[in-house]
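Note: hydrogens, waters and symmetry copies are ignored here, and every other heavy atom, side chains too, is used. Keep in mind that what you see is a predicted model, and the values were worked out from it rather than measured. Every chain is numbered from 1, with letters handed out A, B, ... down the list of sequences.
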Amino acid sequence: MIPAAFEYHAPKTLRQAISTLRKYDGEARVLAGGMSLVPMMKLRLANLAAVVDLGRIKGLSFIQEVNGGLSIGPMTTHYDIESSEVVQRISPILAEAAALVGDVQVRNRGTIGGSVAHADPAADLPAALLVLHAKFSIAGSARRRIVRADRMFVDAYTSALEEGEVIAGVHVPAMPPRTGWSYKKLANRASRFAIVGIATQVTTDEQGVCTRARVAITGAGPAPTRARTIERYLTGKKLTPLNITKSATRAIAGIEFLGDVHGSPEYRKHLTMELTKQALTEASERIR
Amino acid sequence: MTTYTGQSMRRMEDDRLLRGAGQFVADIAVPDTLHMVVVRSTEAHALIDLVDASEALALEGVVTVVVGSDLPGTLEVMVRPGIDAKLGAEHPLLANERAMYVGQPVALVIAETLAIAEDAAELVEVRYNPLPPVIDARESAKANNSLHPGLATNVVLRTPVLSGNPHAAFERADRVVKGTFSVPRVAPSPMEGRGCIAYYDKVEERMQVWTSTQASHEIRRQLLHVFGENAPEIHVVSPDVGGGFGQKHHLYPDEAAVVLMAHRLRRPVRWIESRRENLIASHSRGFVGDVEAAVQNDGRILGMRASVFADLGAYQIHGSFLSPDIAGKRMTGPYDIQDLDMQMLGVLTNKPPTGPYRGAGQPESSIMMERLVDRIARELDLDPVEVRLKNLIQPEDFPYTTAGDITIDSGNYQAAFRRALDVAEYEDWRAEQAKTRVRDNGKLLGVGVATTASGSGGSGGVSARSSFARVTVDGEGQVTVDSDVSPHGQGMSTSFAQLVADQLGVVPEVITLQTGDTDKSNPLGPGTGTYASRSLVIGGSAAHSAAKEARAVLESVAVQALECDSTSVRFGMGQAWDVHDGSRSISVGELAMLAQAEREPTASGALEIEYVFTLPSSAFSFAAHVAVVEVDPATGNVDFKRFIAAHDCGVAVNPLIVHGQIAGGIAQGLGEALVEVVEHDANGNPSATSLMDYSMFQAEDMPVVTPELLATPSSLTPTGMRGVGEAPSVASPAALANAVMDALAPLGVSHIDLPLTPERVWKAICDARTQLNG
């Protein structure tokens, strides 16, 4: 259980990291917290020419309040996010999802940038970032580019990152008033990844009519995804139990459900509806 | 004076272990060591057409690649008189011509570094010609040929139990209650996997072996068997061991291969098992049984019949017979049932061999028995507690000989059961259920109980019930205890010290326990190691008895040295004194030297007392567990409300350690009932090959366990103790399964195969609803 031989680089700047990655022409990977990459290398599921460790680059771990929203460094750990008073206040769903990642040891090392770039189809943070309409600042080419969360998670273990690109920052806009949120997850008992996880954020007007609904699903299919059918269905309606129940059955639209030792496609389909109902119910109760 | 025995002393070994100062096999550095990597079969059943190692051998640093034909030798397989076992299929060290399960060692790569060995192992090409695998034990038993050429059947073990007149019991019964229950195959998964380092010591002219084992003496003996006629002398040491649970009680092919190759190459060879290897190739449990009880309408069980299949895997390992044999003989658990017809078959399949795991047959039989008792209660509309109270062995019936011909010396099962029910507030939960079974949160309330008896100290011959101890007291008053049992998490350095300290009148901190070294503790004596909840019961009793003898020797010298009579001598804190004149005292160290001067010289020059303790028969303990759960019908998820574990393990030496054993056993037991299972698909591929997919109970999954200790003294041990290591893993899965099934009963769900994963629970609820509609 040791990896095949590889080169190890620990650059001091992001620029150096990118130029090193480029030299290997796709045969190198970025090491952030290592919670997924290192086991994959040890099991020889990932055989790499080189690893570029971001751990020595200063200034990649931070949480800042910017214009009422958040700016988060890619090397910020799940633990830092779950325990941050700023995140809890500005984007509570992100703190809630971060607190449910893996176990304490994983949360102490695993990072937000690593979670997004690895694009595990059952990861927790992508679901929260999808409903938050997060944007990712990506370094690689001459100028940084910005990718929206709903363009980021392309397929299982495939993000929108190109070769030689690194996530440089995560930006989360402010949460509008009268917004409620919830992240509901049934974790598998081995890795604690989601069998299904549902993130939702709902906003109403003063009459209690839903003006904006966002629902994202992780674990169910090949990639974390928005449930736009529900979002459209709920917008303009009051968040009554009946409307929530009716919307939940629409959560399964367009998902190609996975089956594995942790859950059959039928069970994931059922959980998607059930947890959507639970998440929307909790979110509607949390609207202030 | 303080009595240490009975105190909840903190474990003395923990400081060293928690600081990372433990010395496990992988920590042992021998210069010039070669590294071994095992190439394992990727096929469950196949002819091996070719093993091509040419590319691997071409890699610089590769010393050799060994295939089956290069490494003859077979593992020793144990049987007991009275068991019908066919041992024709000898267990080879490496698959030769035929691969019999996924994970079976096919070739060994030995190289100068681990990295080179792992790289080379990837280059070994094995060409398989697949054959249809046999996966299901029940199907395998029906087959009219064997998966091993040369054997006529796949049923290689029959260990039947026939007692009383079961036929008559079923004739006069009011009704017969039946059930088919399975106990899934699991991966015991100790925190430290297996591992072995060996070299040929040219000076001492013998093999030096370090291995992560529960039984160094057993490993030595089994290694001698593998070497055969020209076996070298072998010295085995088990250093610190990070959990065993039965998995490390016997020799495996890969461990034997390390020692053979180190002998052949005359260089140190090391193999440290990976988690993946441990998960794939070392399993336990895997039982399925049809069980039926002849019952009276008042809940009294008159007799039982059972037909049970144990999935042995492709080969037998040393103790393969143990779990089936024990499960059969202990089927009736703590109940007074004399009429029993038990058919227990051990069956071959194309899966890894199974061996004993914490409880060794007793969790298997208890799950079947306890589920059946609950089913009896449900069919007769009785409270499951009432049915148990009606059938438990009564205090006045001890000594009681079971249908499996096991004599239990003493017990008070009703008292422990009632204590568990009281602490759990059982009646209140039932009253709440009578009002509503659906909680405010929409979840279903379930209450489950299990009452189980489990043995301690081995059920086999004299050697299984015996242990050696040597107590050495030097001139400084430092005490060494040598024992042939060894710890892998049980806290023996502390509990043994407590027992010995009280006898010698010293503080526990001066006592050092030495274990696991076949040189140090009677290599030719009993020494079967740590298993079957026996270490404190037998090994501790041996240490206690040796210390007691040492005390008598010290006392007789003290009488002379202090010039007083024996009733006036007191011992404590490393001193002896005259109770009538406290100024007259002498240290235990001085006394030891004075005593030793009068005795046969010893190698150490210190006072040495040796003792072999033989337990007359297994010292049974009793456990009653009560689980209160909430089942979420929407997801199938199970949450705990209460978990009460009442244990009568006799007089506890260290209640804190007992509590630890209870919590640990429950973690494993609940894991088995709720999440753990090794499944193989139709091609014999395992469902999980890493801890990303193999589910085990983790700390955050544990309920708050309320342990309750009762202390009915055993008449079989000098201090009245009984074993406790396995009892919690025997009772807890059954209590949990009963609680979940109790919660689901109103929905019409009567059975779910373990483990009770959310999906299985949800599916059962869906199926029951569909049935109701239909």
In terms of heavy-atom pairs under 4.5 Å with chain A, which of B/Thr757, B/Leu691, B/Val37 leads?
-> B/Leu691
Closest heavy-atom pair, A/Glu266 versus B/Trp762, reported as atoms and distance to 0.1 Å, is O-CH2, 4.0 Å
Heavy-atom nearest pair, B/Ala115 first then A/Arg44, reads O-NH2, 4.2 Å
Top contributor to chain A contacts, counting heavy-atom pairs under 4.5 Å, from B/Glu679, B/Glu122, B/Glu676, B/Met696 = B/Glu122
Are the charged groups of B/Glu700 and A/Arg192 less than 4.0 angstrom apart, N to O?
-> yes
If every non-hydrogen atom of B/Met692 is compared with every non-hydrogen atom of A/His262, which pair is closest and at what distance?
-> O-NE2, 3.6 Å
In terms of heavy-atom contacts, does CZ of A/Arg109 have more than 12 from other residues, nucleotides or ligands at under 6.0 Å?
-> no
Give the minimum heavy-atom separation between B/Pro758 and A/Leu186, together with the two atoms involved.
-> CB-CD2, 4.1 Å
Evaluate whether atom CG of B/Asn441 has more than 12 neighbouring non-hydrogen atoms of other residues, nucleotides or ligands under 6.0 angstrom away.
-> yes
Contacting region of A/Ile2 [heavy-atom separation from chain B under 4.5 Å] = both
Reported CD-to-CZ distance for the pair B/Glu759 and A/Arg268, which is rounded to 0.5 angstrom = 8.5 Å
Looking only at side chains, do B/Thr635 and A/Glu274 share a donor and an acceptor under 3.5 Å apart?
-> no
Highest number of heavy-atom pairs under 4.5 Å with chain A: which of B/Lys763, B/Glu277, B/Gln698?
-> B/Gln698
A/Lys269, NZ atom: more than 12 neighbouring heavy atoms under 6.0 Å = no
If you count the non-hydrogen atoms of other residues, nucleotides and ligands that lie under 6.0 Å from OH in A/Tyr79, is the total more than 12?
-> no
Checking A/Asp260 against chain B: side chain, backbone, both or neither under 4.5 Å from a heavy atom?
-> neither
What part of B/Asn637 lies closer than 4.5 angstrom to a heavy atom of chain A: side chain, backbone, both or neither?
-> side chain
For residues B/Ser695 and A/Ala190, report the shortest heavy-atom separation together with the two atoms involved.
-> OG-N, 3.4 Å
Nearest 0.5 Å please: distance from the SG atom of B/Cys766 over to the NE2 atom of A/His270.
-> 6.5 Å
Is chain A contacted by the side chain of B/Asp681, its backbone, both, or neither, given a heavy-atom distance below 4.5 Å?
-> neither
